[in-house]
There are 2 protein chains.
Amino acid sequence: MAYRKTPAEIRRLEAAREHLVVCATEVVADVGWAQASVTAVADAAGIAAGSVYQHFSSKSALAVEVFRRAAQREVDVLGEVLEGDGDPADRLRRGVEVFARRALENHGLAYALLAAPAEPAVGAERLAFRRRYRALFASVIEEGVAGDQLPLQEPEITAAALTGAIGEVLVHPLSTSAAEDADLLVSGLTSVALRCAGAAP
Amino acid sequence: MAYRKTPAEIRRLEAAREHLVVCATEVVADVGWAQASVTAVADAAGIAAGSVYQHFSSKSALAVEVFRRAAQREVDVLGEVLEGDGDPADRLRRGVEVFARRALENHGLAYALLAAPAEPAVGAERLAFRRRYRALFASVIEEGVAGDQLPLQEPEITAAALTGAIGEVLVHPLSTSAAEDADLLVSGLTSVALRCAGAAP
DNA sequence: GGAACATCTGAATGATGGTTCACTTCTTAC
DNA sequence: GTAAGAAGTGAACCATCATTCAGATGTTCC
C-alpha cells in the first residue's frame, strides 16, 4: 500500500478532464468535428494524444461528451423560458429569441451543434437532443391549444417544424457569413415561429 | 489507325456510366453515404472497384453526381408546382404536399438528400440545393405578399424556415421509422407550412 | 487472323488518423 | 530517500478505404 490517490490528486484529474472537454469544445467550435482530430484536441489542451485516453475510452466518447455538455446548456436555457410564466405564445416568442441570440453569439458552436458533419455517435446524440427541443416546443404549443390561445393543430408536427425552421434560418447565415443584421434576423425568425404556431401577430 | 470508338461503343460506355450512377444512388438510399464505399457501389453495379475510375475521377465526383441527379429531380418537381398557376398560397400548399409525398415514398433517398451525414463535397452540394429550394419558396411568398394574399414578411426568412421545417418534419419519421400515418403527416405539414407563410386557413 | 488500342480487373499501394504501449515522469506512503 | 504504483508521453501500430497500375480481356479495322 504505497500509493493511494489523495483528494487533491483526484481533483487535479477531474480538472484535467474538464480542461480537456473545454478545449475540445473550443476546437470543435473553431474548426468543426471533422478537423478536430485527437492530436489537434490534445495539442489545444496542452497534453499528449495518448493522454486523452486517460479520460475517455475513445475519441467518440469525448466527442459525445463535448456535444452533450454544450447541447444540454441550450436545452436548459430554452426550457427555462418555455416552461416559465406567461402566455404560451409569448413564451414561445421569448424562447425563440433567446435561442437565436445565443446561437448568433456563438456561431461556431451553434453550427457544430445544429448541423456540422459529425461522426455517427455525435449524429445520434444530435437526434436525441432534437427530440428534446421538439418536446419542449410541443408542450408549450399543446398548452396554447388547450387554452385557446393557439389554433387547433398537431403539436408534435408544429414542434418539429419549429425545430427545423429555427435551425435552418440560423445555420445558413452561420455557415456562410455573419448575419448582416442580427436584430432583423431575430425579429424575422420570431415572427415566422409565431405564425408557424398560429399565434396572432 | 486500327481502333476508333464506334457509336455503339460510346453508347455502351455511357450506359455503363448511367448504370453506375443509378446503382450508386440505390446503395446510398439503402445504406447512406458513409457506408457507400467505392467497393460497395462497384459491387452493386457489377463492376470492379477500379472501373469506377473509368467514369469518375474520384469517389467524391461520383457522390456529387448522385446527389445532383436526385436533388435536381426534386427541385424540378417542386419548381413545376410552385411556379405553376393559381393562388400563391395554394401553390405553396401543393408544393409542400408533393414534396412530402415524394420524400415519404422514398425514405432512404430523401434522408440521404436532406440530412444523412456525408463527405464535404456532398455537404456543399446539399447547401447549394437548399438555397435553390429557398429561392423557389421565397419567390412564391414574395408574390403572395405583393398580391396581398400573404401578410408582410421577410420572404427569405420564411423561405428558409419552410425549408428547414419541411426537412425536419420529414426527416425525423424517415430516420426513425415509417410515418405512422402518411396522410396525417402530410396534412399536418401543409398546415404548418401555410401558417408559417401567414396564409389564412 | 492479327495489329493497335481501349476497357476492365483486383490485388498492391498509400494516406489518414485513431489507438496502443514501452518508457519516462510524477505522487504517495513509509 | 526509496519503493510502489499511477499518470503522461509520443512514436509505432493498425484498420480503413480511396486510388493506382500491370496485366487480362475486348473491340476495331484491315
Side-chain angles (χ1 to χ4, degrees), chain A residues 1-21 23-24 27-28 31-67 116-123, chain B residues 1-21 23-24 27-28 31-67 116-123:
Chain A
M1 197 240 276
Y3 180 95
R4 174 153 310 183
K5 271 180 205 163
T6 193
E9 188 64 1
I10 292 175
R11 254 181 284 120
R12 191 184 62 78
L13 282 174
E14 273 170 12
R17 185 189 147 108
E18 187 64 24
H19 182 237
L20 175 56
V21 171
C23 291
V27 172
V28 167
V31 302
W33 300 101
Q35 306 293 317
S37 65
V38 171
T39 312
V41 165
D43 283 356
I47 61 176
S51 301
V52 168
Y53 293 83
Q54 296 281 339
H55 303 291
F56 294 94
S57 65
S58 69
K59 184 198 155 126
S60 281
L62 169 56
V64 165
E65 177 80 14
V66 165
F67 187 96
E119 63 208 287
V122 170
Chain B
M1 195 241 276
Y3 181 95
R4 174 153 310 185
K5 271 180 204 164
T6 193
E9 187 65 2
I10 291 174
R11 254 181 283 118
R12 192 185 63 78
L13 282 173
E14 272 171 10
R17 186 189 145 109
E18 187 64 25
H19 182 237
L20 175 56
V21 172
C23 291
V27 172
V28 167
V31 302
W33 301 100
Q35 306 292 316
S37 64
V38 171
T39 311
V41 165
D43 283 356
I47 62 176
S51 301
V52 168
Y53 294 84
Q54 296 281 336
H55 303 290
F56 294 94
S57 65
S58 69
K59 182 196 156 128
S60 281
L62 168 56
V64 165
E65 176 79 14
V66 165
F67 188 95
E119 64 208 287
V122 170

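Throughout, a chain's letter reflects where its sequence line sits, starting with A, and its residues are numbered from 1. Keep in mind that what you see is a predicted model, and the values were worked out from it rather than measured.
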Inset, instruction - Please check the phosphate of dG17(C) (OP1 and OP2 only) for any side-chain N or O of S37(A) closer than 4.0 Å. - result: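 Checking dG17(C) against S37(A), no side-chain N or O comes under 4.0 Å of OP1 or OP2.
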Roughly how many Å is it from [atom1] in [X] to [atom2] in [N], rounded to a whole number?
X	N	atom1	atom2	value
R11(A)	dT27(C)	CZ	C1'	15 Å
L20(B)	dC8(C)	CG	C1'	13 Å
I47(A)	dT25(C)	CD1	P	18 Å
L62(A)	dG17(C)	CG	C1'	15 Å
F56(B)	dA18(D)	CZ	P	15 Å
I10(A)	dT27(C)	CD1	C1'	13 Å
E9(B)	dT27(D)	CD	P	7 Å
E119(B)	dT16(D)	CD	P	19 Å

Nucleotide nearest [X] when distance is taken to its side chain, options [options]:
X	options	result
V38(A)	dC17(D), dG18(C), dT9(D)	dG18(C)
A48(A)	dG8(D), dG18(C), dG10(D)	dG10(D)
H55(A)	dG8(D), dG18(C), dT19(D)	dG8(D)
R12(B)	dT19(D), dC8(C), dA7(D)	dC8(C)
Y53(A)	dT20(C), dA18(D), dC8(C)	dT20(C)
Q54(A)	dT19(C), dA7(D), dT7(C)	dA7(D)

Legend entry - Main-chain N/O of A36(B) paired with K59(B) side-chain donor or acceptor, under 3.5 Å: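 Present.
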Can you measure from [atom1] ([X]) to [atom2] ([Y]) and round to the nearest 0.5 angstrom?
X	Y	atom1	atom2	result
E65(B)	H55(B)	CD	NE2	12.0 Å
R17(B)	Q54(B)	CZ	CD	12.5 Å
L62(A)	L20(A)	CG	CG	5.0 Å

Inset, instruction - Between G50(B) and L13(B), name the one whose nearest nucleotide on DNA chain C is closer to the 5' end. - result: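 Taking each residue's closest nucleotide, the earlier one in sequence belongs to L13(B).
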Legend entry - Sole residue of V21(A), V66(A), V38(A) in side-chain contact (heavy atoms from CB on, under 4.5 Å) with F56(A):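 Of the listed residues V21(A), V66(A), V38(A), the side-chain contact (heavy atoms from CB on, under 4.5 Å) partner of F56(A) is V21(A).
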Inset, instruction - By nearest nucleotide on DNA chain D, pick out whichever of A34(B) and G46(A) is the more 5' one. - result: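 The residue whose closest nucleotide sits nearer the 5' end is G46(A).
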